2 protein chains.
Amino acid sequence: MRPTTKDLAVAAGVSLATVDRVLNGRPGVKQHTIEKVSEAIRKIGFERNISAANLAKQKTYTFLFLFPETGDEFLDELIFKIREVSQAFTADMISADVRRIDASDPHKVANCLAGLGNDEVDGVAVMAPETPPVRDAMNRLTERGIRAVSFLSGRPQNSDTDYVGIDNHAAGATSAHLMGRFIGPKKGSILVVTETMQARDSIERRLGFDAVMNRDYPDLHPLPSLETYGHQERTQLVVANAFSNNSDIVGAYVLSAEARTPVEAIIGMPGASDVVCIAHERTPFTESALKANQLDAIIAQNPGHLVRSAIRILRARCDSREPLASQEKIRIEILLKDNL
Amino acid sequence: MRPTTKDLAVAAGVSLATVDRVLNGRPGVKQHTIEKVSEAIRKIGFERNISAANLAKQKTYTFLFLFPETGDEFLDELIFKIREVSQAFTADMISADVRRIDASDPHKVANCLAGLGNDEVDGVAVMAPETPPVRDAMNRLTERGIRAVSFLSGRPQNSDTDYVGIDNHAAGATSAHLMGRFIGPKKGSILVVTETMQARDSIERRLGFDAVMNRDYPDLHPLPSLETYGHQERTQLVVANAFSNNSDIVGAYVLSAEARTPVEAIIGMPGASDVVCIAHERTPFTESALKANQLDAIIAQNPGHLVRSAIRILRARCDSREPLASQEKIRIEILLKDNL
DNA sequence: CAAATTTTGAGGTACGTACCTCAAAAAGAG
DNA sequence: CTCTTTTTGAGGTACGTACCTCAAAATTTG
């Protein structure tokens with residue numbers, strides 16, 4: 001049988017009250033006694049029964065996903081998953097909600113984070129560009145005892161904040177590898193399109209992509225990144241320009257999660273059916289484009305895993321546990337028609 | 001606040017004792033009362049606090065993984081993961097163990113299953129070929145209240161037993177797709193190697209592989225499956241024979257989890273560096289072969305996910321809950337050098 | 001050495017559920 | 001209508017932990 005606090009008290013030669021004081025960091029215990037208890041914990045392998053503790057504390061975990069106001073189908077899918085996962089986690093006394101704010105304004109994000117009360121929320125998953133105000137606000141949250149993770153975007157480099165999402169450099173490298181192999185012996189240029197190169201994920205994907213292209217596929221020339229800014233007409237224009245300026249386009253890589261507009265522009269170009277086209281994230285659109293052979297592969301991260309991972313990490317941090325790293329590494333999925 | 005049994009009693013207009021009788025299926029309650037309580041459950045959205053219930057019941061989940069005695073590196077990895085995951089799940093009062101038996105003898109497997117006591121084990125994940133004795137033994141286990149899932153091999157087709165593992169038909173199809181694209185415009189034969197075609201997973205992978213090859217890549221001809229029976233000399237022989245009988249081999253697909261022997265035989269053949277080679281499962285060997293460009297892709301299933309999924313499904317079944325299907329579908333991972 | 005202070009122990013209640021007993025109420029049988 | 005049986009209620013204890021109070025013991029201070 002698993003040892004309880006009672007067993008621990010006996011093993012440490014102290015009373016239950018003292019064990020309680022030590023376990024919950026209450027004052028008025030001699031250093032020597034603390035050590036006696038700590039040693040007994042190791043000796044008998046005591047592990048606090050978190051369920052029982054949460055029951056006694058009436059603890060419920062409340063987590064918040066802070067998402068941008070504007071978003072693509074992938075964001076919708078994430079929000080749907082949060083509701084689904086939240087449902088499934090009620091048994092674990094966890095509830096998760098979504099709040100959407102204008103992520104383009106770092107101060108709004110920071111203000112929102114600053115306005116969160118300790119009684120209101122136990123942890124936040126923030127999806128917003130990494131800017132000093134946001135980083136500061138997240139650090140201040142942590143100081144106040146509210147856990148924070150970076151969700152998909154904006155992993156602070158030199159911070160110890162947890163990050164939930166794929167390794168974007170590796171994702172770009174994987175795209176390049178796949179594209180190089182799919183294109184085969186042909187030579188030519190590669191179109192690279194994104195919503196904005198301001199976003200950290202786009203930058204990293206591009207770097208990974210270029211690294212592999214340069215190293216392994218010298219016959220392929222990635223063109224400078226085209227930015228769509230999310231506007232359909234602009235996308236149409238820059239893609240058409242790129243095709244008319246480069247008659248040798250053999251591949252297209254859409255960096256951003258918003259794939260629909262760029263992909264539709266690309267497949268509308270003459271001769272586009274011979275262009276190997278790779279995009280990110282599984283959405284109703286990318287899925288049907290893959291089935292219709294308009295896309296050759298999708299580089300994806302599983303929305304359900306992302307959401308669950310964020311919640312597991314936040315919960316672990318709330319319990320002062322270390323998350324299981326091997327479980328929380330989000331895999332880069334390669335989707336083809338046959339493994340959708 | 002989440003409604004408790006007390007709230008439920010008030011809402012149903014009955015006493016706590018009656019609520020308890022209904023919730024735990026104890027006898028001596030009028031049908032009409034049961035319905036009153038059930039309706040109140042729906043009305044106030046009552047959900048049993050499983051942590052509290054398990055605490056009261058002193059319930060701990062004990063799960064067993066039944067694995068073959070002989071196995072490859074992938075099996076070792078699985079066993080390692082079971083220990084790791086078991087550790088992480090102690091907080092949830094779950095413990096998982098491994099028992100290894102001679103899986104080639106269905107009766108030994110069946111006997112082992114039959115010998116499991118209800119007090120000893122709550123659920124079993126069985127990795128053994130699907131044979132009538134095993135299927136029967138699993139059904140009888142279920143009847144005795146011990147949950148069972150098929151792990152990787154031997155999903156009974158017409159049974160409602162849960163299955164943990166990838167869709168092997170889709171995995172074969174994915175391999176074919178990838179191989180077709182990687183080989184490009186060349187024509188030729190494809191070597192297909194496996195430990196044994198007796199195994200259901202090999203059969204299904206082969207079917208999926210052939211389906212896509214026939215449909216999409218008419219210039220590629222998959223050869224009849226070579227069986228190694230796990231013997232190194234035999235492998236060497238059949239592979240060498242295949243190469244000397246077929247001068248146009250452009251691809252090789254290793255179906256089975258044991259990839260080392262076949263892959264080593266293949267890369268030892270003259271001209272093998274031009275052969276696109278795809279194998280299953282990530283192991284130290286396949287990983288290094290991928291990095292060394294000896295393998296072009298690995299089709300994998302994540303051992304950690306497999307183990308966790310099996311445990312989550314068993315736990316859900318023990319609690320008479322439905323597992324979350326979208327979480328438990330094991331994804332077919334495509335591993336390239338860049339997303340290892 | 002006594003007084004003040006710190007440290008420890010003993011005991012309680014609570015969380016939400018399970019499971020038990022015993023008595024009271026309701027329903028059915030004759 | 002009485003007697004038997006079924007159904008229900010009231011109350012208790014327990015699980016492992018948290019958190020509280022009060023007194024006793026140990027230690028430090030003057």
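Just so it is clear, the structure is predicted and the values come from calculations on it, not from any experiment. The basis for the numbers below is simple: all heavy atoms, side chains too, and nothing from hydrogens, waters or symmetry mates. In what follows, chains carry the letters A, B, and so on, assigned in the order in which the sequence lines appear, proteins first and then strands, with residues in each chain numbered from 1.
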Any [X] side-chain nitrogen or oxygen under 4.0 Å from OP1 or OP2 of [N]:
X	N	value
A:Thr4	D:dG16	no
A:Arg21	C:dT7	no
B:Gln58	C:dA18	no
B:Thr5	C:dG16	no

Got a salt bridge between [X] and [Y], using NZ or NE/NH1/NH2 to carboxylate O under 4.0 Å?
X	Y	value
A:Arg135	A:Glu130	yes
B:Arg99	B:Glu120	yes
A:Arg282	A:Glu77	no
B:Arg315	B:Glu328	no

What is the separation between atom [atom1] on [X] and atom [atom2] on [N], rounded to the nearest whole Å?
X	N	atom1	atom2	answer
B:Lys6	D:dG9	NZ	P	16 Å
B:Lys59	C:dC19	NZ	C1'	16 Å
B:Leu8	C:dA18	CG	C1'	15 Å
B:Leu23	C:dG16	CG	P	15 Å
A:Lys57	C:dG16	NZ	C1'	16 Å

Looking only at heavy atoms, the pair that brings A:Leu75 and A:Arg100 closest together is CD2-NH2, 3.1 Å
>> Using a heavy-atom cut-off of 4.0 Å across all strands, would you classify A:Asp20 as base, sugar-phosphate, or nothing?
In response: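 Base, at least one base atom sits under 4.0 Å.
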Exercise. Using a heavy-atom cut-off of under 4.0 Å over every strand shown, decide if A:Ala17 touches base, sugar-phosphate, or nothing.
Key: base
Per the under-4.0 Å heavy-atom filter, residues of residues 32-50 of chain A near DNA chain C come out as A:Thr33
(request) I would like to know whether B:Asp122 and B:Arg147 meet salt bridge (charged side-chain N to carboxylate O under 4.0 Å, His left out); could you show each step before the answer? (result) CA-CA 6 Å; B:Asp122 300 292; B:Arg147 320 295 161 164; over 6 Å; no
Kindly assign one of parallel, tilted or perpendicular to the pair B:Phe63 and B:Tyr61, based on the angle between their ring planes and the thresholds 30° and 60°.
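B:Phe63 vs B:Tyr61 ring planes: tilted.
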Fill in: Nucleotide nearest A:Ser15 when distance is taken to its side chain, options C:dA18, C:dA10, D:dG16
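For A:Ser15, the side-chain atoms sit closest to C:dA10.
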